[in-house]
Amino acid sequence: MHPHDEFRLRMTRRSFLGSTSRGIGSLALAGLLAPRLLTAEDRPELDRSGARPAVERWRGVIDRPHFAPKAKRVIYLYMAGGPSHLETLDHKPKLAEMHGKPMPESFTKGKPIAQLQGQKLTCFGPQIAFKRYGRSGQELASVFPEIGTVADHLCVIRSMVTEAINHDPAHTFMNTGTSIPGRPAMGSWLNYGLGAESDDLPGFVVLISTGKAGQSQPIAARQWHSGFLPGRFQGVEFRSKGDPVLYVGNPDGVDRTRQRDVVEAVQELNALENDVVDDPEIAARIAAYETAFRMQMSVPGLMDLKNEPKEVLDLYGTSGGDGSFAANCLLARRLAERGVRFIQLYHRDWDHHGRVKKDVETTAAEVDRGAAALIKDLARRGMLDETLIVFGGEFGRTPMAQGDGRDHHIKGFSLWLAGGGIKPGISHGATDELGYEAVEDIVHVNDLHATILRLFGIDHKRLTYRFQGRDYRLTDIAGNVVEKILA
Amino acid sequence: MIEPRALGSGIAVLLTLSLALARPVEAGDSPRVDYDRAVRPILSDTCFTCHGPDPARRKADLRLDTREGFLGAEVGKGVVVPGKPDESELAARIDSNDPDEVMPPPDSGKKLTAAQRATLRAWIEQGADWKGHWAYRTPERPPIPDGSEPNPIDRFLRASQSRIGLEPAPEADRVTLIRRLSFDLRGLPPSAEEAAAFVADARPDFVEKWVDRFMASPQFGERMAMHWLDLVRYSDTNGYHSDNHRDVHLYRDYVIDAFNENLPFDRFTMEQIAGDLLPDADDRTRIASGYNRLLLTTEEGGGQAKEYLAKYAADRVRNVGTVWLGGTFGCAECHDHKYDPYTTRDFYAFGAFFADLQETAVGKQVPTPMPGPEAKREIAVLDARIAELKQTLETSTPALETAREAWERGISTRPKGHAWRPIVPVSAVSKQGATLRIESDGTVLARGSSPERDSHVIEWKTDQAINGLRIDVAPDPELPNRGPGRADNGNFVLTSTLVEANGRSVPLVRATATHEQASWPAAGAIDDRPATGWAILPKTGEANHLVIELGEPIAAGGTIRLTLRFQHGTKHTLGRWRAAATSDSRPLEVDGAGGPPPAIAAILSVEPDKRSEIQRTELAKYHRSVAPELEPTRRALADATTRRKSLIDSAPTMLISISAAPRMMRVLPRGNWLDESGEVVEPAVPSFLARGDKPSGRLTRLDLARWLTSPEHPLVARVTVNRLWKIAFGQGLVATLDDFGSQGTMPAHPELLDRLAVDFRESGWDVKTTLRRMFISKSYRASSVPTESQKRLDPGNIHLSRQNRYRLDAEMIRDAALEVSGLLVDRIGGASAKPYQPAGYWAMMNFPKREWQADKGDGLYRRGLYTYWCRTFLHPSLLAFDASTREECRVERARSNTPLQALVLLNDPSYVEAARAFGERIVRQGGGDSETRLAFAFRTALSRDPRTREVEVLRKLLVAHRLEYEKDRAAASDLISVGERPAPSDLDPAELASWTSVARVILNLHETISRN
């Protein structure tokens, strides 16, 4: 950020710190010190109402929402690798009829293609049967029996399109609205726009699980980077092994009391330094150390599922602590309860170039129960209405065979949304009869982003950040809200 | 952005107005409105989207970014009539109340304030003066304003400060100043001794002396490299997808050396952009040309070459466009720029400068070995020796002739080779769409599209029993590098072979070849593993063959299908090959293994006097290759060749620029690489920036570099001194360091910027001299603590009446901790280092899966700029402090202040180990009591003595923790063992642990990580 912008941000009425002519008054500083740390120690798991924050947290640049907000947070179940829409959410009986026959050239001519470049293109029928679920009669592949039980909550979009055909640029496109690296991820945008609801947790948390079928593509930290937005909006990965947040554990030989002693001394000396140099950054530093210490206290407890009732563990299908997608779904609920704005769960293993039948079965089974449990759990806690759930990947897969699998495909794919102001029990858009190209109510990635922002009461054209002389936004230069799916 | 934008632009307008109005009043009553400062920012932000450079979006055929645009073909016809606002449509439209008339239109979301409208009106009234955008005019040296300050920089700044009644701050105290100088010029804190000497320095020119001293230290180059490496997006990994390692660290060494040697910036520019094309190109400039290879590349299977080549071209345009032109050229990839005169054609023509670079579109980039000077000397000696030995081996002598005759008599004339019969297939099919042609002799030729990976399948009906197959690969002038493969270097990799007889797979038991490339043996061709295979470098352009022995014979009469798989990628498929079969009994191996090859055997079977000249020569040549008399020579040759190879293999390798026939570049409509309808373009600089005559012929990167560093260039000197200014003052004179275009901010002190730019250019692009001018100014030396009036009059410190203060960069924070603790290894340059990193941090990377292996010893304690730079997962400690992931050019890092930073400084083992080493230093060197030790600690880390209250706080901690650790000695021992460094056995663990706590506090202080 340009110092200019930092200055500009600091001048806002509701900035991270109430900036006064003397930076932060010594009265306020006194309030920041030791007593608060003790509070944190006594209450390692601060509840949502929490103790009063010592400094005003970042409340976002959107002062008054542009529309009535429906959602307060997102839980994004990101199926990384590009799930085959044809084996999950988009039933194409005609493709079954065409199985083994040449793919009509009228569909494919002049279109980008990945690993099937220059090969003979043959239709490959759906490998998994579809069933109708719920009162809404939502049509899903039979690999999702649990998701089927919450079918009436879902809005299935079958007309997604994106612009990048290889994983890395396609992830970047799905997360930032462009395939050029270096722009902020949507979680960063939301936190920048709306601020945080938590004092001791980051506003953007990422959890990652890896499937067992062995078709896992890499995923880069750029997918949750804040790009040109300030670093505080960056996503933070919560891990299932080692420290749950990097460096959240005390050093060897340092227990909680000793760590607190060190942090308190740092705070006191920084406050003394402020008397000499009168620097508002010092108040921000003190606040950051306080939050850091509170994270040290609260995160391990947050990540520890052993106190969850057995009934809840059973609902999700996890015993906790195993780094599975199911455990991450349960963690996502706990993060949501604590006010995290954007929670993104990656499940890596959807790149089914080969063995699409067997591997979709394997991978779907890894996510089915957790995703369904999350919806049920949020619903019974009254949180589903304010939590937007997104379930989908970076692209779909070809109706054409690649051996017994399918290649990457960007002209039509599917995902589903639930909760958070989304019309339940509907489907939206359609691909052509072979599932190749989205033909009805096409939803571009930029449209999806515009719609997500709308659910938070934000006009996507008005959430901008000036960088290199241009007002950038999540939707770049495009994006139309998909009005039909709003509740 | 909603709220800050409104407020922020309000501030910007106020500043702009105050600056614009602060200018000397020239004529008339109203203050002079300056176009650059006051008018263009309004037009650019509000009007250029529809009335600017982009014709696709232009409305009403009106453009306001050129004089012709708003004045019209003749005065009075345009929307602006100079001197007559009431006759100017522009004034009427912006003041209109009619929603159909008013500009900007309500649905644009843009609005003009009353002040902005007044400014436009005043500008028209004053004659609508227009000079074009300031940054696109060649800078001229402005005169130095009058004043009493000896330093021109201070004169310029004082003049602007006095206009708004700002008082300059007094000089900073000496401690602050030595720390500032040391961090700014070396990226390190001063030692306690240096600080003491500086504080006591009574020389009148002490600052000059210390500036010179620090600039002469090798750490100066490291500090400058930190800045430069962000610009050029230097990284140790390729960036996309698998994000694998690449060898480029020699480039980093080059940058450090270049700054230390004060290489003129024009030469520095030329070496990077065209170091391979310079008339005096050498290894150093070739390494510099690695600049062109620092971009993100992909190895992702399924990537399309054309798409990625388009991405690479755009990446390079964006980078040169930002680093040297300080602009947002990248915006012109899909459409003509909306605010600046860059056109889409400019964009692709600029990209064409780099179309000659040899590179892999999709796949691993091929590095070049760069032996050091000693190795190079030895290689030269070896080359001479090898030539001499080869000469000996190729020269016939009478003695050898005699020996040959004797040899010939002793050898059986029966060919030892197997009886091979060529196969003429009935079909030959490429799985990936290459065109396979069968010649009459059975040769298979691959033509047409050249897939990354492929399989060739041939079928035939055999009329003989088969025990073995032979694959002949042959050179072909039509193939790259004469083949036989289709890879750019003529190579191929046969990764697996499948033989099916009547539909049943036949086991393959043994493979031998006439030549095997190191690590690519014949056996790899039959083991069914795609990662192994048979290849033939360096013997491309020659015939070779592979013999495969079957595990069970195939009976005559069957239909045989032979599949050759090439799964290596990057077009390593075969372009010319032929199969042959033999019924000879096993074992089967390549011809010549036990005697002369068939060709020689055939010659031997001819009576000596009936042999042709060619046959005699061939035979003599073959004899020399086996003659025992020449065995010592052959061994010497083999030894020399092996030694040479080992020198090359052990040399560091580097991606450098290698020029080849340029690829064709087209304008890609809307950036779409699938669209081939665009115009073909040759290299050219943006037309609005072109000066003088265009050289004849196709322009090269060298022409580009010469253009950038030509004295008339309006941007390069300005953009560069502005970044040097940031090193001294923490912000640019042009606040938007990466945008000197229409949407960028105006320079706060345009004359000062131009003066510095012209002086820089005319000093011979001398970086050290230019920096020195800034560092010895009073303005640089000023205190950074603002007074109430400074805060009120100039909250953003535009006028620099005080210094700025800010957090150190990520690398420097690490360096400071290592320096203070005494752990820092001060070696300059070399391969990247791997300090501690949390286990599993790389778990989400793949192809291949990998785990960070922390270094042992020195590699743990090197400066931050040497940390292994992985783009997709940058070291988390650097990332937390806003280090750039180097995916794009970053001219300015954020300076955030976050809880994750606190966690790093508190808990990253690198910092904990530094704290315990610092604690040890305090105990050993700080005297006997806690008073003197605390003083030592403060002087070492903060260059000053502790204050009474500080001593109280730390002593309380010390006492408490000594008790704690005396009670819990195991914990003490744990703490003082963090990291690889052995815990001292001669110190009391509780004592050391408690001082470690104190050291941790000091390393975490805001002051420790700040430059004030």
Side-chain angles (χ1 to χ4, degrees), chain A residues 1-4 7-9 11-12 61-63 112 114-115 118-119 166-168 181-182 208 216-222 230-232 241-242 246-249 251-254 258 261-262 265-266 268-270 272-273 277-278 281-282 284-285 288-289 291-292 295 408 462 464-465 468-469, chain B residues 1-4 7-8 240-242 300-303 328 432-433 449 451 674 731 735 738-739 741 743-744 785 796 838-840 844-846 872-873 876 882 887-888 892 894 896-899 902-904 907-908 912 949-950 953 957 960 964 971-972 974-975 978 997 1000-1001 1004-1007:
Chain A
M1 181 162 54
H2 294 303
H4 202 67
F7 165 71
R8 203 170 60 188
L9 283 178
M11 290 295 287
T12 60
V61 293
I62 307 274
D63 192 17
Q115 297 186 7
Q119 295 187 30
N166 302 123
H167 297 288
D168 185 318
I208 309 176
S216 301
Q217 293 293 325
I219 189 93
R222 122 169 33 94
R232 68 169 75 105
K241 281 187 190 143
L246 292 174
Y247 307 125
V248 84
D252 289 348
V254 178
R258 292 170 201 142
D261 294 342
V262 167
V266 172
E268 285 184 63
L269 294 188
N270 279 344
L272 287 170
E273 170 72 1
V277 298
D278 178 24
E281 278 297 313
I282 294 183
R285 180 81 51 209
Y289 270 74
T291 307
M295 272 175 75
H408 304 173
R462 290 165 69 188
T464 65
Y465 188 84
Q468 295 185 338
Chain B
M1 178 162 56
I2 307 308
E3 196 181 31
L7 189 70
Y240 287 119
H241 197 244
S242 56
E300 180 173 346
T328 52
Q432 301 290 340
S449 84
L674 286 169
Q731 67 190 43
D738 47 9
D739 190 4
Q743 286 291 92
V785 181
M844 301 309 156
M845 300 182 76
N846 202 352
T872 55
F873 284 89
D882 303 309
E887 291 169 333
E888 280 288 316
E892 188 163 31
S896 68
N897 191 338
T898 68
L903 293 178
V904 168
N907 302 331
D908 176 350
V912 179
R949 284 281 293 125
E950 290 169 336
V953 170
L957 174 72
E964 278 275 319
D974 283 348
L975 178 58
V978 170
S997 291
R1000 286 180 72 210
V1001 172
N1004 273 272
L1005 291 180
H1006 185 78
E1007 191 180 350

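Naming: A, B, ... by sequence-line order, numbering from 1 per chain. Source: prediction; values computed, not measured.
- Remark: the backbone N or O of A:Gly249 is paired with a side-chain donor or acceptor of B:Asn907 at under 3.5 angstrom.
- Considering every non-hydrogen atom in both A:Asn270 and B:His1006, the closest pair reads OD1-N, 3.0 Å.
- Between A:Pro181 and B:Glu888, the closest heavy-atom pair is O-CG, 3.4 Å.
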Inset, instruction - Just do the side chain to side chain contact (heavy atoms under 4.5 Å, CB included) check on A:Gln217 and B:Asn846 with the steps written out, would you? - result: CA-CA 6 Å; A:Gln217 293 293 325; B:Asn846 202 352; over 6 Å; no
Inset, instruction - May I have the step-by-step check of side chain to side chain contact (heavy atoms under 4.5 Å, CB included) for B:Arg1000 and A:Val254, ending in yes or no? - result: CA-CA 11 Å; B:Arg1000 286 180 72 210; A:Val254 178; 3.7 Å; yes
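- When every heavy atom of A:Leu246 is checked against every heavy atom of B:Leu903, the shortest pair comes out as O-CD1, 4.1 Å.
- Residues B:Glu887 and A:Gly182 share a closest heavy-atom pair of OE1-N, 4.4 Å.
- In plain terms, the two heavy atoms of A:Gly231 and B:Asp882 that are nearest each other are CA-OD1, 4.1 Å.
- With chain B as the partner, the residue from A:Leu269, A:Asp252, A:Asp168 showing the most heavy-atom pairs under 4.5 Å is A:Asp168.
- Only the side chain of B:Glu300 comes within less than 4.5 Å of a heavy atom of chain A; its backbone N, CA, C and O stay farther away.
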Inset, instruction - Could you please spell out the steps behind the side chain to side chain contact (heavy atoms under 4.5 Å, CB included) verdict for A:Asn166 and B:Tyr240? - result: CA-CA 10 Å; A:Asn166 302 123; B:Tyr240 287 119; over 6 Å; no
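- With a 4.5 Å cut-off on non-hydrogen atoms, B:Ala972 does not touch chain A at all.
- With a 4.5 Å cut-off on non-hydrogen atoms, B:Val1001 touches chain A through its backbone and its side chain both.
- B:Asn897 places no side-chain N or O within 3.5 Å of a backbone atom of A:Ala288 that could act as its donor or acceptor partner.
- The candidate with the highest count of non-hydrogen atom pairs below 4.5 Å against chain A, out of B:Gly433, B:Pro838, B:Ser449, B:Ala839, is B:Pro838.
- Most heavy-atom pairs under 4.5 Å with chain A: of the set B:Gly744, B:Ser242, B:Gly303, this distinction falls to B:Gly303.
- In this structure, A:Tyr247 and B:Pro876 approach most closely via the heavy-atom pair OH-CG, 3.6 Å.
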